[in-house]
Amino acid sequence: MDDIFTQVREGNAFHVRVWLDNTENDLNQGDDHRFSLLHWAAREGRTNIVDMLIQRGARINATNMGDDTALHLAAGHGHRDVVVMLLHNKANINAINEHGNTPLHYACFWGFDQIAEDLVNNGALVSIANKYDEVPLDKAKPFLTKMLKDRALALGQDLSKIPFKDRSWLGYKTRSRDALLSRHPGIDIAQLQLVGHVASTHSGETWRGRWQDNDIVAKILNLVDCTLRNSRDFQEEFPRLRIFNNPNVLPVLACCNQPPNLVVISQFMPFGSLFNTLHGESGIVVDQNQALRFAIDIARGMEFLHSMEPMIPNFLLTSKHVMIDEDLTARINMADYRFTFHERGKEYNPAWMAPEAMLKKPVEINLKAADMWSFAILLWELETREVPFADLTPMEIGMKVALEGLRIKIPPGISSHMSRLIKICMNEEAGKRPRYDMVIPILEKMKLSS
């Protein structure tokens with residue numbers, strides 16, 4: 001097969017679909033100029049491929065070497081249907097490139113009147129100045145300038161000039177494909193530029209850093225003794241965590257297998273975990289709509305993981321293991337997978353665990369049903385903004401949930417629909433809990449009616 005970037009440029013949707021079906025292919029990688037597949041599809045107006053890439057998890061606001069987003073390219077090449085599709089999928093409408101230009105600058109310059117109007121109607125600011133102190137209206141022909149100015153005023157925009165501000169430091173660049181193209185990349189730890197310690201947990205040390213010009217997080221597994229067998233098991237299990245083709249799953253990018261250091265590397269998420277978002281100081285306001293969006297994202301990610309054959313074991317769904325992306329998408333963090341040789345027999349987050357998961361042997365547990373119980377706890381957490389069983393130690397929680405019937409209490413004020421869903425997902429009989437494909441339509445209906 002030709003280079004995947006060529007297939008996208010030429011609009012070969014079948015070949016692109018086949019390539020995407022391989023979960024290890026990174027659809028967010030960039031070419032030599034850091035154009036992603038979405039950049040090329042948007043530039044060439046390949047609407048069906050744009051839609052396919054978005055559904056599979058393309059980063060909408062990723063930037064190329066010149067800091068252009070896909071929306072810049074679609075607007076600058078007159079592809080209105082692609083512009084509309086990107087706007088409906090959280091594209092940053094006022095993103096600026098290295099010249100300080102927004103998508104609206106390009107729509108005005110090239111005279112794409114309808115696209116310019118669409119952008120303004122969706123929140124594009126007519127008064128953002130680029131590096132050369134030019135606002136979009138300076139680029140437009142007189143009749144378009146008057147129309148956009150009138151529309152902006154009608155929408156309540158302040159037409160005072162907004163000076164250029166460099167935002168290239170935000171770190172939205174596409175990923176380099178240099179190392180990511182190998183099937184099971186194991187890298188030298190010396191290649192990692194670890195610049196800041198993030199956290200110390202029972203499972204390991206987490207650091208923020210840079211690798212291949214990407215902002216990354218490196219998790220160094222905490223092991224008493226790293227044996228050759230551990231290293232071999234790590235190398236065998238790691239590739240399954242490279243799941244690049246689902247928007248609600250955060251893949252492991254690479255690993256470092258140099259005993260005693262076993263390291264998993266994933267993309268840096270600016271808002272951290274869902275746990276931090278709900279209970280820490282992330283700065284995100286989680287209203288009812290956003291909580292439902294998070295719940296739907298998580299359910300879609302888990303539905304995808306449950307569809308894999310064989311299913312990935314050893315993953316406990318908690319708010320600590322869900323990360324929040326730059327566009328407020330919730331993503332299941334595969335870096336929190338528990339390797340078979342790591343922390344055997346130890347449980348540090350029993351508040352999210354199904355009671356039978358703490359009582360039975362792993363081979364006797366219905367993993368999909370146990371995950372649904374964990375999802376119910378997450379729904380409760382999203383609704384209440386409380387930490388489950390916060391007044392108890394993990395050991396006390398485990399004992400009381402497994403042996404004494406301790407359960408979360410649904411407080412008054414939660415909608416009857418959500419209360420009912422939480423109870424259904426926590427059915428004491430594991431076989432009577434729903435599947436994720438049954439839960440997602442219920443959550444989407446709640447979102448529409450909220």
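Just so it is clear, the values below take in all heavy atoms, side chains as well, and ignore hydrogens, waters and symmetry mates.
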K.L.:
Would you say the side-chain atoms of D51 pair up with the backbone N or O of I49, donor to acceptor, closer than 3.5 Å?
P.N.:
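Not confirmed, D51 side chain does not pair with I49 backbone.
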
K.L.:
Assess the residue pair R210 and D215 against the criterion (salt bridge (charged side-chain N to carboxylate O under 4.0 Å, His left out)); give the C-alpha distance rounded to whole Å, side-chain angles, the decisive distance to 0.1 Å, and a yes or no.
P.N.:
CA-CA 5 Å; R210 297 276 294 172; D215 289 315; 2.9 Å; yes

K.L.:
Is there a side-chain contact between R232 and Q235, using heavy atoms and a 4.5 Å cut-off?
P.N.:
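SC-SC contact between R232 and Q235 ruled out.
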
K.L.:
Taking N61 for its side chain and N92 for its backbone only, find out whether a donor-acceptor pair lies under 3.5 Å.
P.N.:
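Yes, N61 side chain to N92 backbone: donor-acceptor pair under 3.5 Å.
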
K.L.:
Please answer whether the main-chain N or O of A124 pairs with a side-chain N or O of Q157 as donor and acceptor at a distance below 3.5 Å.
P.N.:
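Yes; at least one donor-acceptor contact below 3.5 Å.
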
K.L.:
If every non-hydrogen atom of I332 is compared with every non-hydrogen atom of M302, which pair is closest and at what distance?
P.N.:
CD1-SD, 4.0 Å

K.L.:
Are any of the side-chain heavy atoms of I298 and L317 separated by less than 4.5 Å?
P.N.:
yes

K.L.:
May I ask you to check if R208 and F268 form a cation-pi contact, with NZ or CZ under 6.0 angstrom from the six-membered ring centre and within 45° of the axis?
P.N.:
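Output yes; distance and angle both within limits.
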
K.L.:
Out of the candidates L262, T340, V263, only one should pair with F234 under the side-chain contact (heavy atoms from CB on, under 4.5 Å) rule; please name it.
P.N.:
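Filter result, single survivor: L262.
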
K.L.:
If only atom types and distance count, is the side chain of D67 paired as donor or acceptor with the main-chain N or O of A95 below 3.5 Å?
P.N.:
no

K.L.:
Does the R56 side chain pair with the main chain of L27, one donor and one acceptor, at a distance under 3.5 Å?
P.N.:
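No, because the side chain of R56 does not come within donor-acceptor range (under 3.5 Å) of the backbone of L27.
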
K.L.:
Cut-off 3.5 Å, no hydrogens considered: what does the side-chain donor-acceptor table look like for residues 217-225, sequence neighbours left out?
P.N.:
residue: K219; atom: NZ; partner: S203; partner atom: OG; Å: 3.2
residue: K219; atom: NZ; partner: D336; partner atom: OD1; Å: 3.4
residue: N222; atom: ND2; partner: H202; partner atom: O; Å: 3.2

K.L.:
Whether the side chain of R407 engages the backbone of V401 through a donor-acceptor N/O pair (distance < 3.5 Å, no angle test) should be reported.
P.N.:
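Judged by distance alone, yes, a pair lies under 3.5 Å.
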
K.L.:
So with a 6.0 Å cut-off around NZ of K400, is the heavy-atom count from everything else above 12?
P.N.:
no

K.L.:
May I have the list of side-chain donor-acceptor pairs in residues 37-46 shorter than 3.5 Å, sequence neighbours left out?
P.N.:
residue: H39; atom: ND1; partner: S36; partner atom: N; Å: 3.0
residue: H39; atom: ND1; partner: S36; partner atom: OG; Å: 2.9
residue: H39; atom: NE2; partner: A62; partner atom: O; Å: 3.3
residue: H39; atom: NE2; partner: D68; partner atom: O; Å: 2.7
residue: W40; atom: NE1; partner: D31; partner atom: OD2; Å: 2.9
residue: R46; atom: NE; partner: R9; partner atom: O; Å: 3.0
residue: R46; atom: NH2; partner: R9; partner atom: O; Å: 2.8

K.L.:
Heavy atoms, side chains only, cut-off 4.5 Å: are F375 and Y436 in contact?
P.N.:
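The answer is yes, as the side chains (C-beta and beyond) meet within the 4.5 Å cut-off.
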
K.L.:
Can you check whether M311 reaches H306 side chain to side chain, under 4.5 Å on heavy atoms?
P.N.:
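Answer yes - side chains close enough.
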
K.L.:
For a side-chain contact (heavy atoms from CB on, under 4.5 Å) check, start with the C-alpha distance between F339 and N230, then their side-chain angles and the critical distance, and finish with the verdict.
P.N.:
CA-CA 9 Å; F339 291 90; N230 292 160; over 6 Å; no

K.L.:
Go through it in stages, so that I can follow the logic: the residues are L278 and E386, the test is side-chain contact (heavy atoms from CB on, under 4.5 Å), and I'd like the CA-CA distance, side-chain angles, deciding distance and then a yes or no.
P.N.:
CA-CA 8 Å; L278 294 176; E386 296 179 13; over 6 Å; no

K.L.:
Looking only at heavy atoms, which two atoms of S127 and D158 are closest? And how far apart?
P.N.:
OG-O, 3.4 Å

K.L.:
Within the side chain of H33, is there an N or O that forms a donor-acceptor pair under 3.5 Å with the backbone of N64?
P.N.:
no

K.L.:
Over all heavy atoms of both residues, which pair between M426 and R433 is shortest? Give the atoms and the distance, please.
P.N.:
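Minimum heavy-atom contact is C-NE, 4.3 Å.
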
K.L.:
Using side-chain heavy atoms (C-beta onward) and a distance below 4.5 Å, is L125 in contact with I128?
P.N.:
yes

K.L.:
Can you confirm whether I265 sits close enough to W207 that some side-chain heavy atom of one is under 4.5 Å from a side-chain heavy atom of the other?
P.N.:
no

